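A quick write-up on the structure given underneath.
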Number of protein chains: 2
Amino acid sequence: MTSILVVDDEPQIRRALRVNLEARDFRVLEAVDGESALHVAAEQRPDLALVDLGLPGISGLDVIAGIRGWSDLPIIVLSVRGAESDKIEALDAGADDYVTKPFGMGELLARVRAALRRRSPDADEPVVQTAAFEIDLVEHRALVDGIEVHLTPTEWALVGMLVRHPGRLVTQRHLLHEVWGPGYDHETNYLRVHLANVRRKLEPVPSQPRYFITEPGMGYRFQPDAPERDQR
Amino acid sequence: MTSILVVDDEPQIRRALRVNLEARDFRVLEAVDGESALHVAAEQRPDLALVDLGLPGISGLDVIAGIRGWSDLPIIVLSVRGAESDKIEALDAGADDYVTKPFGMGELLARVRAALRRRSPDADEPVVQTAAFEIDLVEHRALVDGIEVHLTPTEWALVGMLVRHPGRLVTQRHLLHEVWGPGYDHETNYLRVHLANVRRKLEPVPSQPRYFITEPGMGYRFQPDAPERDQR
DNA sequence: GGGCGGCGCCAAGATCTCGTGAAGACGACG
DNA sequence: CGTCGTCTTCACGAGATCTTGGCGCCGCCC
């Protein structure tokens, strides 16, 4: 599901946005200041961000610049300041759109749709490559030794969740929640079965997993084989 | 050089835009009405379009829809009408941004820069050719073995969506959204039926699709001929 | 050492999805 | 008013996918 990060220090604004966005079937993440905004953005990888300029602490402009450092995700600025210089500054900092408060919810949603529509070709982290296989999250392709391998929808969902956070542990609960939805928190069977299928298709030696590591009792982890010390 | 199409019936506006854009080293194309706008756009392939909504003859909305039929180029709407409904309509028709007149030139230029920045990297190739057929998205022509085949509007929309992103999986939801509009997310019936019709017309062996591949549970993919698949 | 919980693996059955044909609905046009 | 092209709707068989239950293994704790 498409997720949207809302960064604003006023609870009413956040609430209004959350209600309207969730009514359109978006998943809403929230942040109250710049610091947590950057953290949540890096952590959750939303598909779009709505950023207020008047934040306490780190300014909205810094948030934009911070996100642009590692992602192309669409950023729409919300601001009470309507001066042209403010708009130019924000847009040139990397924002995709600029809406002055107060704004019409309908218009904002239309701008969100427009921004998301354009997002497709340059989603972040397009291809993940290892010595054994290559996964293209944009085109939805998986190559093993150069030949294409077919993954089922569930397998894609699992692989995507893991591969999007290289090296990091993803808990069982989190996987179940994202792939099967709420209410499946204890169906760890599913994970075992489908992970086995994934491994059978991608791992060089399925019985001795090298890339899709299981952390007993916790969850699973995608272990890339190029030891880059860059841990984000 | 980056070229920008300006569509407006008022000479002063055109002149003002031309002067300012050329000062920033853009090449400026002009059109005074919808018809010539579509013609120039197809002919010259600008990198961005600034479109006035209040045009004589074909409306600005139709210009947007017409361009969107074969190209993803960024479109920024300029309009005296500031009502929210106007904005929503234009954005949902495919525009990327909406600026109400009168506007600050600095802001407009910043929005132009923002729109160009996020332009998709893969250049639009408006005619797609395979060993079996040839599709001209501009002229709305489809040739199979050299003879023309008729595609219905829905089929054009589907083929366009798929063919514009060669090799990439296009989600069912995405297709339904773009072709039938929001609210048809679960009508996968439509896709099955119309895809079958497309295949019957374009595929050499409709029962064994080679170009319009279905990814069960997820969507469809246009698979171009792979003359050589090197490992990049 | 024995019990126990978590994991990998398997395979049958249930379920979902796709392609297909065909019939009805709808609107444009003469 | 009839015709035609197009889109919608429905039902069915075939195949892919997911679920479910069971089995054995291993490590850990009592």
Side-chain angles (χ1 to χ4, degrees), chain A residues 140 142 148-162 169-176 178-181 183-221 223, chain B residues 140 142 148-162 169-181 183-223:
Chain A
H140 267 94
E148 183 154 5
V149 178
H150 179 74
L151 298 183
T152 71
T154 315
E155 288 160 11
W156 264 114
L158 280 178
V159 170
M161 289 291 306
L162 292 170
L169 171 79
V170 185
T171 67
Q172 304 180 355
R173 178 182 308 264
H174 197 237
L175 284 170
L176 289 166
E178 290 298 314
V179 177
W180 280 271
Y184 287 77
D185 288 13
H186 303 100
E187 300 287 355
T188 58
N189 258 335
Y190 296 0
L191 289 179
R192 291 205 293 278
V193 173
H194 290 282
L195 247 299
N197 291 335
V198 166
R199 294 206 252 239
R200 187 177 313 136
K201 291 177 180 178
L202 298 182
E203 289 276 1
V205 186
S207 58
Q208 296 165 21
R210 176 179 166 188
Y211 297 104
F212 296 98
I213 312 295
T214 136
E215 300 283 347
M218 302 268 93
Y220 295 85
R221 169 202 315 278
Q223 182 77 2
Chain B
H140 273 227
E148 182 156 3
V149 189
H150 177 73
L151 297 183
T152 72
T154 316
E155 287 161 10
W156 267 116
L158 276 180
V159 170
M161 287 292 306
L162 292 169
L169 171 86
V170 185
T171 301
Q172 310 182 70
R173 178 183 306 262
H174 199 247
L175 286 170
L176 289 165
H177 244 265
E178 290 298 313
V179 177
W180 281 271
Y184 286 77
D185 288 14
H186 302 103
E187 299 288 354
T188 58
N189 268 338
Y190 298 0
L191 289 178
R192 291 208 293 278
V193 173
H194 289 280
L195 246 298
N197 292 334
V198 166
R199 293 207 253 240
R200 191 173 307 135
K201 291 177 180 178
L202 298 181
E203 288 276 0
V205 186
S207 59
Q208 296 165 21
R210 177 180 163 186
Y211 296 104
F212 295 97
I213 311 294
T214 137
E215 297 283 347
M218 295 190 283
Y220 294 86
R221 173 203 312 277
F222 168 63
Q223 178 82 334

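Residue numbers begin at 1 in each chain, while the letters A, B, ... track the order of the sequences. Note that the structure is predicted; figures quoted are calculated from it, not measured.
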>> Quick check on C/dT17: is either OP1 or OP2 less than 4.0 Å from any side-chain nitrogen or oxygen of B/Arg192?
In response: no
> Out of C/dC9, D/dC7, D/dT19, which has the shortest distance to the side chain of A/Trp180?
Replying inline: D/dT19
> So what does A/Thr188 touch, heavy atoms closer than 4.0 Å: a base, only the sugar-phosphate, or nothing?
Replying inline: nothing
>> How bent is the helix from C/dG1-D/dC30 to C/dG30-D/dC1, measuring the angle between the end axes built from five pairs each, rounded to 10°?
In response: 40°
> What distance separates A/His140 NE2 from B/Glu215 CD, expressed to the nearest 0.5 Å?
Replying inline: 8.5 Å
>> Pick the closest DNA chain C nucleotide for A/Pro216 and for A/Val193 by heavy atoms, then say which residue is nearer the 5' end.
In response: A/Pro216
>> Output the rounded distance in Å from CG (B/Asn197) to P (D/dT8).
In response: 11 Å
> For the pair made of NZ in A/Lys201 and P in D/dA16, what is the distance, rounded to whole Å?
Replying inline: 12 Å
> How many angstroms lie between atom CG of A/Leu175 and atom OG1 of A/Thr188, to the nearest 0.5 angstrom?
Replying inline: 11.5 Å
> Taking the side chain of B/His194 as its heavy atoms from C-beta onward, which of D/dG22, D/dT9, D/dT8 lies nearest to it?
Replying inline: D/dT8
> A/Leu195 CG to C/dG6 P: how many Å, rounded?
Replying inline: 17 Å
> So, is A/Tyr190 close to the D/dT20 phosphate, meaning a side-chain N or O under 4.0 Å from OP1 or OP2?
Replying inline: yes
> Between atom CD in B/Gln208 and atom P in C/dT20, what is the gap in whole Å?
Replying inline: 10 Å
> Taking the side chain of A/Asn189 as heavy atoms from C-beta outward, which of C/dG19, D/dC7, D/dG21 is closest to it?
Replying inline: D/dG21
> Among the nucleotides D/dT9, C/dC7, C/dG19, which one has an atom lying closest to any side-chain atom of A/Gln172?
Replying inline: C/dC7
>> Without decimals, in angstroms, what is the distance between A/Phe212 CZ and C/dG8 P?
In response: 13 Å
> Taking for each residue the nucleotide of DNA chain D bearing the nearest heavy atom, is the 5' side occupied by B/Thr152 or by A/Pro153?
Replying inline: B/Thr152
> If you check the B/Thr214 side chain, which of D/dC7, C/dC18, D/dT17 turns out closest?
Replying inline: C/dC18
> Hey, is the side chain of A/Tyr220 poking within less than 4.0 Å of OP1 or OP2 on C/dG8, counting only N and O atoms?
Replying inline: yes
>> What is the distance, to the nearest angstrom, from the CG atom on B/Leu158 to the C1' atom on C/dG19?
In response: 15 Å
> Where is the tightest heavy-atom contact between A/Ile213 and A/Pro209, given as atom of each residue plus distance?
Replying inline: CD1-O, 3.7 Å
>> Quick check on D/dT6: is either OP1 or OP2 less than 4.0 Å from any side-chain nitrogen or oxygen of B/His150?
In response: yes
>> Tell me which one of A/Arg221, A/Glu203, A/Gln223, A/Arg199 satisfies side-chain contact (heavy atoms from CB on, under 4.5 Å) with A/Tyr211.
In response: A/Glu203
> Is there a donor-acceptor contact under 3.5 Å from the side chain of B/Thr171 to the main chain of B/His174?
Replying inline: no
> Can A/Glu187 and A/Trp180 be said to form a side chain to side chain contact (heavy atoms under 4.5 Å, CB included), step by step?
Replying inline: CA-CA 10 Å; A/Glu187 300 287 355; A/Trp180 280 271; over 6 Å; no
> Can you tell me how far P of D/dC18 sits from CG of A/Leu191, to the nearest Å?
Replying inline: 13 Å
> In whole Å, what is the span from the CG atom of A/Leu176 to the C1' atom of D/dT19?
Replying inline: 14 Å
> Should we say atom NE2 of A/His150 is surrounded by more than 12 heavy atoms from elsewhere, each under 6.0 Å from it?
Replying inline: yes
> Parallel, tilted or perpendicular: which fits the ring planes of A/Tyr184 and A/Tyr190, with parallel below 30° and perpendicular above 60°?
Replying inline: tilted
